[in-house]
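Both backbone and side-chain heavy atoms feed into the values below; hydrogens, waters and symmetry mates do not. Throughout, residue positions are numbered sequentially from 1 according to the sequence presented.
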Amino acid sequence: MFNDLKYLKVNLPEDILKLKCSGNFEGAQKLIDLRLEKQIPVAMRKRLEIEKEILTTIKGEYPYSFEQALKIMQDNIKDFTEEEMEELQENSQADWILVDGKVKFNDSFYGSIVKTRPDIEARLKNNVSNDDRGQFLNDNIKDTKENGSASYFIRMKTSVKIKNPGDKLGKIIKVHMPLPIECQQSDIKIISTTPESKYMSSVDYPQRTAYFETKLEGPQEFSVEYSFKSTLTYNNPDPLLVSEEQPKFFTEEQEPHIMFTPYIRELANEIVGDETNPLIKARKIYDYITQNVRYSYMRAYSTITNIPEYAALNLKGDCGVQGLLFITLLRCAGIPARWQSGLAVTPQHIGPHDWTQFYVEPFGWLFADPSFGGGALRNGNTEKWNFYFGNLDPFRMVANSEFQHEFDPPKKYWRHDPYDNQVGECEYEDRGLRREEFKVEYKLIEMKKL
């Protein structure tokens, strides 16, 4: 599967593209099937096979009509008008596509608007805003700077519950659940798995998982409990100390997303200009993204043919989309950059999150979190904005050190996220499970400062 993903860079035939853009997914599927019956080049065959998966996924990502979306807003926001809904659509702040010729809104449009529009959030009918998490992170920044580092012990449990197994009862199910990897994390201990896992990939595997294989017994739950120590050192790199010689690793393209397209090249050149210092170049790129790319919840990454260019063209995206744009622009500018992801873990909230690392001699690997930095900048917190260029908080469970990497053991069928793994993947013997077919839960058992 991973070798085939590169074919996303192949354009779709015009007739299929027309039907897809108009939201006629059944018609597009039909044309794809007709073409697949013919003698066509391998590259086109692979591209069309991937597109079938995309079309199957994308329709379910956009369930709300204009009227339904308007009702959601009016039920939750004081004095919300139809004109406001139209404005959100026209400005692409409420993500939408055409399905069967009609406008349909993404299932996360409401949460995205409330998160990114303080003026609308202030009009919530039940406004129970709690900034304890923000203060928790601010306190960590202060503490990290004063002490030169921050270290925490974290113990937590993640679980996956299969919904409505139906005719799959008694059939074999395979589940891959993320595990912490060795990085800024150490003393990793797997305390228990329920049921007993069949295999665990090595502690340094780029997308580490616990693998379960068993007969399905009802709406079954799979869980992993683990602990680790997370330690981050404060970095305040000085551009004047940057070495003249810089490495070239992690500067290559990675099809189909980390690609130096004509637009990416133009944008990187425009942002960096005549600057030659790699640390300053990286900061210019960080500033551009945090100042210009609006945070937005996203549809499934598997439905986007080029994620960094999506962010560059639309100037919006979630943590992973912003992170991939940062990595791609840095690599295009000759600066090593790579991926990290897993969970953001605080006493107030646990959820999937993505961020980045970049390399500058003599400082080595530094962190950058464009989405956290951009959020801080929008809220007027320049100290926090500056901190997340070069630094990271220790409140993460890192499960992935590479983007677009196969599992160990490999998954047979198409993953609901072919690129990252934060919530887990499941499959039966004859097909993979889609995201809506299983429920994911996280529980923080203990967190203490070391």
Side-chain angles (χ1 to χ4, degrees), residues 1-63 65 89 92 95-107 252-267 296 298-317 320-321 324-325 328 332 403-404 406 411-420 430-432 434-435:
M1 181 189 76
F2 281 87
N3 291 333
D4 293 347
L5 288 171
K6 65 183 181 181
Y7 295 109
L8 275 173
K9 65 184 181 182
V10 176
N11 291 326
L12 289 173
E14 184 180 37
D15 53 352
I16 295 172
L17 186 61
K18 285 178 182 178
L19 292 176
K20 179 181 179 179
C21 290
S22 67
N24 186 350
F25 301 129
E26 290 184 8
Q29 289 266 23
K30 182 178 179 180
L31 288 188
I32 289 173
D33 288 337
L34 288 172
R35 266 190 171 75
L36 290 175
E37 292 174 359
K38 299 176 182 178
Q39 184 104 12
I40 57 176
V42 171
M44 179 55 65
R45 181 172 297 279
K46 296 292 187 183
R47 177 66 182 91
L48 293 178
E49 288 171 350
I50 294 173
E51 189 61 31
K52 289 186 69 173
E53 294 287 345
I54 291 174
L55 293 175
T56 300
T57 301
I58 195 169
K59 187 174 181 179
E61 297 272 309
Y62 293 84
S65 66
Q89 178 188 340
S92 292
D95 184 21
W96 62 275
I97 62 170
L98 290 175
V99 178
D100 297 329
K102 296 180 180 179
V103 170
K104 291 280 192 172
F105 289 88
N106 187 270
D107 60 1
E252 69 277 5
E253 294 179 286
Q254 185 180 356
E255 298 172 319
H257 296 290
I258 303 175
M259 300 285 292
F260 308 152
T261 64
Y263 186 65
I264 289 292
R265 289 183 185 277
E266 290 288 338
L267 181 58
S296 173
M298 295 294 301
R299 67 178 185 260
Y301 284 7
S302 63
T303 66
I304 304 172
T305 55
N306 188 314
I307 294 171
E309 190 154 83
Y310 175 97
L313 292 170
N314 297 290
L315 295 179
K316 67 177 183 179
V321 172
L324 278 174
L325 178 59
T328 305
C332 190
F403 183 76
Q404 193 176 308
E406 186 57 273
K411 188 170 184 281
K412 181 178 179 180
Y413 294 102
W414 184 261
R415 283 162 53 170
H416 76 84
D417 187 343
Y419 310 112
D420 198 18
D430 59 348
R431 68 174 181 86
R434 301 204 171 272
R435 181 64 184 85

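- With Y7 contributing its side chain and R45 its backbone, the two residues share no donor-acceptor pair below 3.5 Å.
- Across all non-hydrogen atoms, the minimal contact from P308 to N306 is CD-OD1, 3.2 Å.
- For Q404 (side chain) and E255 (main-chain N/O), a donor-acceptor pair under 3.5 Å exists by modelled atom type.
- When all heavy atoms of L5 and I50 are compared, the pair lying nearest together is CA-CD1, 4.0 Å.
- For CD of E252, the number of neighbouring non-hydrogen atoms (other residues, nucleotides, ligands) closer than 6.0 Å is greater than 12.
- Heavy atoms from other residues, nucleotides or ligands lying under 6.0 Å from CD of E266 number 12 at most.
- Between S22 and L98, the shortest heavy-atom contact is O-CB, 3.7 Å.
- Residues L8 and I54 have side chains in contact (heavy-atom distance under 4.5 Å, counting atoms from C-beta outward).
- No side-chain N or O of S302 forms a donor-acceptor pair with one of R415 less than 3.5 Å apart.
- For the side chain to side chain donor-acceptor pair (under 3.5 Å) with T57, the lone residue among K52, R299, H416, R434 that qualifies is R434.
- A 4.5 Å side-chain heavy-atom check between I16 and L19 finds every atom pair outside the cut-off.
- Counting heavy atoms from C-beta outward, L48 and P13 have side chains that approach closer than 4.5 Å.
- Ring to ring, F403 and Y419 are close: their centroids are under 6.0 angstrom apart.
- Judged purely by distance below 3.5 Å, without hydrogens or angles, the side chains of D95 and Y62 pair a donor atom with an acceptor atom.
- The CD atom of Q254 sits 9.0 Å away from the CG atom of L324 when rounded to the nearest 0.5 Å.
- Under a 3.5 Å cut-off, the side chain of Q89 and the backbone N or O of W96 do not form any donor-acceptor pair.
- A salt bridge links E51 with K20: the distance from a Lys NZ or Arg NE/NH1/NH2 to an Asp or Glu carboxylate oxygen falls below 4.0 Å.
- Using modelled atom types, one side-chain atom of K411 and one backbone atom of W414 make a donor-acceptor pair closer than 3.5 Å.
- In this structure, the side chain of K9 does not engage the main chain of T305 through any donor-acceptor pair within 3.5 Å.
- Two residues are said to be in side-chain contact when any heavy atoms from C-beta on lie closer than 4.5 Å; H257 and Y301 fail this criterion.
- Just one residue in the list I97, I58, T56 forms a side-chain contact (heavy atoms from CB on, under 4.5 Å) with T303, and that residue is I58.
- In this structure, R431 contributes its side chain and Y413 its backbone to no donor-acceptor pair below 3.5 Å.
- Under the 4.5 Å side-chain criterion, counting only non-hydrogen atoms from C-beta, L12 is not in contact with K18.
- Between S65 and K104, the shortest heavy-atom distance links the atoms N-CD, 3.9 Å.
- In the displayed structure, E253 atom CD is contacted under 6.0 Å by more than 12 heavy atoms of other residues, nucleotides or ligands.
- When all heavy atoms of L325 and A312 are compared, the closest pair comes out as CD1-CB, 4.0 Å.
- The heavy-atom pair separating V10 from R47 by the smallest distance is O-NE, 2.9 Å.
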